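We use all heavy atoms of the structure for the numbers below, so side chains are in, but hydrogens, waters and symmetry mates are not. What you are looking at is a predicted structure, and each value in this text was computed from that prediction instead of being measured. Letters go in sequence order (proteins before strands), and every chain restarts at 1.
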Protein chains: 2
Amino acid sequence: MARPTIADIARQAGVSKGAVSFALNGRPGVSEETRRRILGIAEEMNWRPHSAARALGGAKAGAVGLVLARPARTIGVEPFFAQLLSGLQAGLSAHSTALQLMVVEDTAAEIEVYRRWASEHRVDGFVVVDLQVRDPRIAVLEQLGVPALVLGGPGRHGTLPSVWADDREAMISTVNYLAALGHRRIAHLAGLPAFQHTQRRIRALRDSAKRLGLTEALSVPTDFSDAEGAAATRALLTRSRRPTAIIYDSDVMAVAGLGVAMEMGVAVPGDLSIVSFDDSTLTRIVHPPLTALSRDTFALGEQVARTMLAAIADPEAVHDLKNPTPRLTVRESTAAPRPE
Amino acid sequence: MARPTIADIARQAGVSKGAVSFALNGRPGVSEETRRRILGIAEEMNWRPHSAARALGGAKAGAVGLVLARPARTIGVEPFFAQLLSGLQAGLSAHSTALQLMVVEDTAAEIEVYRRWASEHRVDGFVVVDLQVRDPRIAVLEQLGVPALVLGGPGRHGTLPSVWADDREAMISTVNYLAALGHRRIAHLAGLPAFQHTQRRIRALRDSAKRLGLTEALSVPTDFSDAEGAAATRALLTRSRRPTAIIYDSDVMAVAGLGVAMEMGVAVPGDLSIVSFDDSTLTRIVHPPLTALSRDTFALGEQVARTMLAAIADPEAVHDLKNPTPRLTVRESTAAPRPE
DNA sequence: CGGTGGACCTAAACCGCTATAGTTCGGGCG
DNA sequence: CGCCCGAACTATAGCGGTTTAGGTCCACCG
């Protein structure tokens, strides 16, 4: 038989389609005995619900949408996203919900996809990442009326619930650590200035520097690419009074920076300490392994999945959720600076 | 209005639902004038098709499935997949087809997902990667009757069409290059032996070694992880007569190997030449940058997308498609071995 | 002038499932 | 004994499209 439908099961069981539907969905309306019989037949016929038919009756689509706006060729080396994705996956598939993924060129295209998927009933909710400073997506999502969850914050994200971690706190603890080692000139290779978390980290560094009385604490914005990470590192290391420590906003940039240091004959950690704001295999496989802010990105993904599913079930009941602050994992790329 | 349906449009236009459907899908049955009027109204009402309703009528689901079987926490740093994914994305979304992604623990779970998605009509076809030696997925997919496309080959993949690149040829050219530099003891850190492409590369190395009369050409199987890559490298470099060149089956392992060499004080490329079988940003950001086999993985993804869509349109018309052989990009990690 | 055929549409069935308004029937109660 | 009620089902109406079997109307032909 091609594809059994509940009508087939009903015929086989000698009951109506409605009874079968009741039985299969565990709702009252059939006796325990009949339910068992129907479930048995369904099992035997290897029946599975037709997702489209379910979705049509106004029910759930059984999928969550994630749209990433970045030039298509660049999701190359971003362990963070890959990890997040796995966690999200795991969390969703535990409740047999699928992840609908799409990579687009820019935010305008991203918004267009939100509109389309929402009106096509293709997904039950959206996960939004890379929160921007004045994020145009927020208003659109609020208006679409589809549950949406923001990854990132705190900060302006309208009425949408969010899952976030305290990267201000993380930055402060990192600077404290470097200052305790004796560093007085610290540089920060930041990410895209349009992102809220970039701004938060820059501010945290500035505040820390003031409080600790550091000689220098410079944030250099980049586009997160290895190329800009390398170029900015080269520029910093060429200056007459170069920083003794650099904090990189991503592992990819940190590794690229390490490469530049080696190429220029700058010893790590002897002449330069390096800290990565993201941890991943990447920071561990290079030599020396990098001191980094670790967090369980996979678990974060699962967390997001759980919260998303809760938001789908009842949008009112979900509120902002704070994740553990990333903790510094000290490896071999940081040390006290050489005495001048 | 909540969500316009074709019935709303029909009412507005004063025609039947059927006429609207004809008009919107560009099929004969309505006059050019009426069609324009209907399209105008649909545009004005901001109508979008309800994907579930479409799928229900036996039509396409508008999505392609990709299931990856790997322990969820490990898709961390695999630039190859990320790149492939972007290309796939780009190719599919150009024909407004979505990508349904799922990461599962093992092949058994993967097969279960194929079954479920096929019977739920959730996707129109599958892309299969990581072809194994005796791959149990092939038979299942053939039997499910859903178009499926294998990435990898040549080799046994039943009647399913495939898109592949010649990694035998690539391995041979790499070994030729190293031999020309003067290397006589070459090691190969291979991937999982269960994969067809691993076997092909191992065989290619063995054949090359025999033809060129190399002193040693050893393939060491690993699980593709950075940890095993590092461990195997350490073991190789500890031997009394160590290899003068190592070919790594993935960029992650190559970078990990480079880290081990540095840690052990083995100069690259002075004492050891390193070649990576995958190219990515990763191989470029480390120091020294690694010689690697490059291919346009993004383009490969697009290619797969195109072929997949063709297979969905007409499964009969699609045949195996060979992609350009990866070409060696020489960087600074390879050089002639020190004279003994 | 009846018949024919094509262009343009309409009405209605159908896809698989859910939701809801009956219908049947057995049993408790006054 | 008749009445009412709840449990267990059945019958049926959608959900939003696509598709197919007609139904008109009109030009054209013999």
Applied to residues 107-117 of chain A, the side-chain hydrogen bond (donor to acceptor under 3.5 Å, both in side chains) test, sequence neighbours excluded, yields A/T107-A/Q132, A/E110-A/Y114, A/E110-A/R137
Any side-chain hydrogen bond (donor to acceptor under 3.5 Å, both in side chains) pairs touching residues 32-44 of chain B, not counting sequence neighbours?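 Output for this query lists B/S31-B/T34.
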Could you tell me how far apart [X] ([atom1]) and [N] ([atom2]) are, to the nearest whole angstrom?
X: B/R54; N: C/dG16; atom1: CZ; atom2: P; value: 18 Å
X: B/R48; N: D/dG17; atom1: CZ; atom2: C1'; value: 17 Å
X: A/H50; N: D/dG16; atom1: NE2; atom2: P; value: 17 Å
X: A/R11; N: C/dG16; atom1: CZ; atom2: C1'; value: 13 Å
X: B/L56; N: C/dC17; atom1: CG; atom2: P; value: 9 Å
X: A/L24; N: C/dG16; atom1: CG; atom2: P; value: 15 Å

Using residues 314-324 of chain B as the side-chain source, report each donor-acceptor pair under 3.5 Å to any protein atom, sequence neighbours left out, with the distance given to one decimal.
from	atom 1	to	atom 2	distance (Å)
B/D314	OD1	B/E316	N	3.1
B/D320	OD1	B/S162	N	3.0
B/D320	OD2	B/H157	NE2	3.4

query = For B/R27 and D/dT19, is the shortest distance between a side-chain N/O and OP1 or OP2 below 4.0 Å?
reply =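 Checking D/dT19 against B/R27, a side-chain N or O does come within under 4.0 Å of OP1 or OP2.
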query: Is any side-chain N or O of B/W47 closer than 4.0 Å to OP1 or OP2 of D/dG17?
result: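 Yes.
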Problem set entry | side chain to side chain donor-acceptor pair (under 3.5 Å) partners for A/D106, two or more places apart |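 For A/D106, no residue satisfies side chain to side chain donor-acceptor pair (under 3.5 Å) once neighbours in sequence are set aside.
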Practice item. With sequence neighbours excluded, tell me which residues meet side chain to side chain donor-acceptor pair (under 3.5 Å) with A/R295. Key: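 Residues passing side chain to side chain donor-acceptor pair (under 3.5 Å) with A/R295: none at all.
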Between the first and last five pairs of the helix from C/dC1-D/dG30 to C/dG30-D/dC1, the angle of the axes, rounded to 10 degrees: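 Both end axes considered, the difference amounts to 70°.
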Considering only heavy side-chain atoms of B/N25, the closest of D/dG16, C/dC17, D/dT18 is D/dT18
Note to self: Of the options D/dT19, C/dT18, C/dC17, whose atoms approach the side-chain atoms of B/S21 most closely?
What the structure shows: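 It is D/dT19.
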So, using salt bridge (charged side-chain N to carboxylate O under 4.0 Å, His left out) as the criterion, who are the partners of A/R306 when residues are at least two apart?
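Applying salt bridge (charged side-chain N to carboxylate O under 4.0 Å, His left out) to A/R306 gives none.
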Query - Among A/V127, A/L84, A/V123, A/L92, the one residue meeting side-chain contact (heavy atoms from CB on, under 4.5 Å) with A/L66 - result: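 Single side-chain contact (heavy atoms from CB on, under 4.5 Å) partner of A/L66 among A/V127, A/L84, A/V123, A/L92: A/V127.
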Within-4.5 Å side-chain heavy-atom neighbours: A/L101 and B/Q89: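 Heavy-atom side-chain distance check passes, below 4.5 Å.
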key: Sugar-phosphate, base or nothing in reach of A/P28, heavy atoms under 4.0 Å   = nothing
What pairs of nitrogen or oxygen atoms, one from the protein and one from nucleotides 8-10 of chain C, lie under 3.5 Å apart?
from	atom 1	to	atom 2	distance (Å)
C/dC9	OP1	B/T34	OG1	2.7
C/dC9	OP2	B/S31	N	2.6
C/dC9	OP2	B/S31	OG	3.4
C/dC9	OP2	B/T34	OG1	3.3
C/dT10	OP2	B/S16	N	2.8
C/dT10	OP2	B/S16	OG	2.9

With sequence neighbours left out, the residues meeting side-chain contact (heavy atoms from CB on, under 4.5 Å) with B/R27 are B/F22, B/N25
